[in-house]
Every structure is written in C-alpha cells, then in structure tokens.
Amino acid sequence: SILRPLLGVVFQAFYHPAIVNKEYIPQNGRAVIAGNHKHALDPILVDVSTSRVVHTLAKKELHDGCFGGFFRAIGTIPVDLHADHNREALHSAVDFLNQDCLINVSPEAKRNYTKEILLPFKYGAVVMAKRTNSMIVPYAITGEYKFWSRDLKITFGKPLDITDLSIEDANETLYQTVKGLILAARE
C-alpha cells in the first residue's frame with residue numbers, strides 16, 4: 001500500500017495502459033481476480049487497476065532469489081510450478097480471501113509463449129472461489145509492454161458467480177470468459 005501510488009504513477013507514465021471496467025473490482029470484500037498471463041509485469045498492471053492491496057500468486061523462485069524479501073513484503077503467495085498440487089499456496093490464498101482480500105491468479109500458471117490465445121486453465125482460481133464463496137473477476141491483458149505503448153490494455157469482465165457450478169464447469173466458464181475478453185479487446 002505504501003509503494004502502490006508511486007508504482008502506479010511510474011507504470012502509467014511509462015506504459016500508458018488503458019484500464020477498462022475497473023469498477024468490476026469490488027471496493028471491499030473478497031474476490032478472485034483471474035486472467036491471462038503474457039508478461040512478467042502483468043501483476044503490476046492488475047495492482048495499478050485498483051486502490052486495494054492485491055495478493056498475487058507468483059512462482060516460488062521469485063521468493064527464493066535475491067528479491068525474495070521484496071516479494072514477501074508485498075504479499076505475494078509463492079507457488080511451486082513444478083508441483084502437481086500447491087496446497088500451501090491454496091491455503092494461503094483461501095486465508096487471505098477469508099479476510100476479505102483480493103487474490104490475483106493466472107489460471108494458465110505460466111506465461112503464454114505460444115500462438116494459442118490461452119493455455120489450458122488449471123483449477124486453482126475456481127477452487128479458491130468455491131471454497132470461500134468468492135466472485136471471480138475475469139480480466140484480459142492485450143497489447144504490448146513498450147515505452148509509451150499505444151495498445152496495452154487490461155479489460156475486466158463482469159464478476160462471475162460460480163456457486164452453483166461444478167469445478168469443471170466453473171473452470172470452463174472462466175476460460176471462455178477470459179478468451180472472449182481477449183478476442184473482443186483485439187477487435
């Protein structure tokens with residue numbers, strides 16, 4: 001919360017991102033914010049879209065490196081990308097959600113370097129949301145992270161209520177929603 005105002009000004013000045021429908025991020029209460037992952041700076045773009053603190057799931061290696069203290073201080077949640085299950089990360093995210101916090105997660109689990117619109121989604125985002133009765137705010141990041149970019153954009157979609165859906169159906173709904181946001185933003 002201390003760095004956000006400065007980071008937001010610098011990020012806005014450098015990249016000029018368009019932030020569309022940020023009003024879909026709740027001003028209070030819990031929510032899972034979930035979308036595509038195209039660049040290492042995606043979590044910052046999500047952070048500058050709201051005045052609230054956002055806890056982002058980030059690869060464990062960032063917490064183990066020389067900047068580990070920084071990542072822990074800003075409230076990121078370490079995720080082991082090589083593990084089949086990340087119970088500790090899931091428990092941490094659920095704990096934050098139960099404290100009415102925001103969690104940012106990329107269901108793709110890694111950056112998409114392919115020509116596919118999206119990588120297959122893992123189930124973490126919908127499991128967190130179901131366990132805590134949280135809405136999911138989908139988002140799509142399009143454009144490029146270039147100095148004074150003219151096309152970098154994050155578009156938030158209407159919150160998804162997955163309460164009555166199975167995990168599989170909820171994950172497919174989230175996937176199709178994010179894919180639709182990406183395609184619409186590219187038009």
Side-chain angles (χ1 to χ4, degrees), residues 1 4 19-38 42-60 74-81 83-112 116-142 153-186:
S1 60
R4 176 171 285 108
I19 301 171
V20 180
N21 298 329
K22 68 180 180 179
E23 65 275 8
Y24 289 141
I25 301 172
Q27 293 296 313
N28 49 53
R30 68 187 70 160
V32 175
I33 304 173
N36 63 318
H37 192 13
K38 60 179 277 138
D42 292 347
I44 297 172
L45 183 52
V46 172
D47 283 351
V48 302
S49 299
T50 179
S51 60
R52 295 184 62 192
V53 172
V54 180
H55 298 277
T56 297
L57 276 76
K59 65 182 178 180
K60 181 181 176 294
I74 62 172
T76 59
I77 300 168
V79 177
D80 184 352
L81 298 180
D84 289 334
H85 302 285
N86 280 282
R87 286 183 177 87
E88 288 181 33
L90 178 62
H91 291 303
S92 293
V94 166
D95 286 345
F96 278 121
L97 287 166
N98 283 330
Q99 297 171 44
D100 286 338
C101 295
L102 297 176
I103 295 292
N104 175 33
V105 60
S106 171
E108 292 177 288
K110 60 184 176 181
R111 282 186 268 174
N112 185 355
E116 299 297 320
I117 295 172
L118 287 171
L119 297 174
F121 275 16
K122 298 200 181 244
Y123 291 92
V126 295
V127 169
M128 290 173 212
K130 285 192 82 63
R131 284 192 184 173
T132 59
N133 199 27
S134 299
M135 299 292 276
I136 300 178
V137 180
Y139 67 82
I141 298 174
T142 54
K153 178 167 50 172
I154 184 166
T155 305
F156 293 94
K158 291 181 181 177
L160 302 172
D161 181 356
I162 61 163
T163 307
D164 296 330
L165 298 177
S166 69
I167 295 290
E168 293 78 14
D169 289 346
N171 205 47
E172 182 63 20
T173 298
L174 177 59
Y175 181 92
Q176 292 301 331
T177 302
V178 172
K179 183 176 180 181
L181 289 169
I182 293 170
L183 293 173
R186 288 179 177 175

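This structure is a prediction, so every number in the text was calculated from the model and none was measured.
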[X] versus [Y]: any side-chain heavy-atom pair under 4.5 Å?
X: T155; Y: Y139; answer: no
X: S49; Y: F156; answer: yes
X: I77; Y: I103; answer: yes
X: K158; Y: L160; answer: no
X: N133; Y: T163; answer: yes
X: K153; Y: V20; answer: yes
X: I33; Y: V105; answer: no
X: P107; Y: L174; answer: yes

Using modelled atom types only, decide if a donor and an acceptor are shared between the side chain of [X] and the backbone of [Y] within a distance under 3.5 Å.
X: R131; Y: V94; answer: no
X: R52; Y: G29; answer: yes
X: R30; Y: L97; answer: yes

Minimum heavy-atom distance between [X] and [Y], given as atom pair plus value:
X: I162; Y: A129; value: CD1-CB, 3.8 Å
X: K38; Y: I141; value: CD-O, 3.5 Å
X: F96; Y: H55; value: CE2-CE1, 3.4 Å
X: V137; Y: A31; value: CG2-CB, 4.3 Å
X: V53; Y: L102; value: O-CB, 3.9 Å
X: P138; Y: P159; value: CD-CA, 4.4 Å

Measuring from atom [atom1] of [X] to atom [atom2] of [Y], what distance do you get when rounded to the nearest 0.5 angstrom?
X: H37; Y: L57; atom1: NE2; atom2: CG; answer: 11.0 Å
X: T50; Y: N104; atom1: OG1; atom2: CG; answer: 11.0 Å
X: Y175; Y: L118; atom1: OH; atom2: CG; answer: 5.0 Å
X: L181; Y: K179; atom1: CG; atom2: NZ; answer: 12.5 Å
X: T173; Y: D169; atom1: OG1; atom2: CG; answer: 6.0 Å
X: D47; Y: D42; atom1: CG; atom2: CG; answer: 11.0 Å

Within 6.0 Å of CD in Q176, more than 12 heavy atoms from elsewhere: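 For Q176, atom CD is crowded (more than 12 foreign heavy atoms under 6.0 Å).
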K130, NZ atom: more than 12 neighbouring heavy atoms under 6.0 Å: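 Check passes, neighbour count above 12.
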Any residue meeting side-chain contact (heavy atoms from CB on, under 4.5 Å) with N112, in chain and number order, not counting sequence neighbours: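 E108, T114, L119.
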Pairing residues for E23 by the side-chain contact (heavy atoms from CB on, under 4.5 Å) criterion, not counting sequence neighbours: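 Partners of E23 under the side-chain contact (heavy atoms from CB on, under 4.5 Å) test: N21.
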Residues V54, T56; criterion side-chain contact (heavy atoms from CB on, under 4.5 Å); working and verdict: CA-CA 6 Å; V54 180; T56 297; 4.1 Å; yes
CA sep, side-chain torsions, deciding dist, call: L90, M128, side-chain contact (heavy atoms from CB on, under 4.5 Å): CA-CA 7 Å; L90 178 62; M128 290 173 212; 3.5 Å; yes
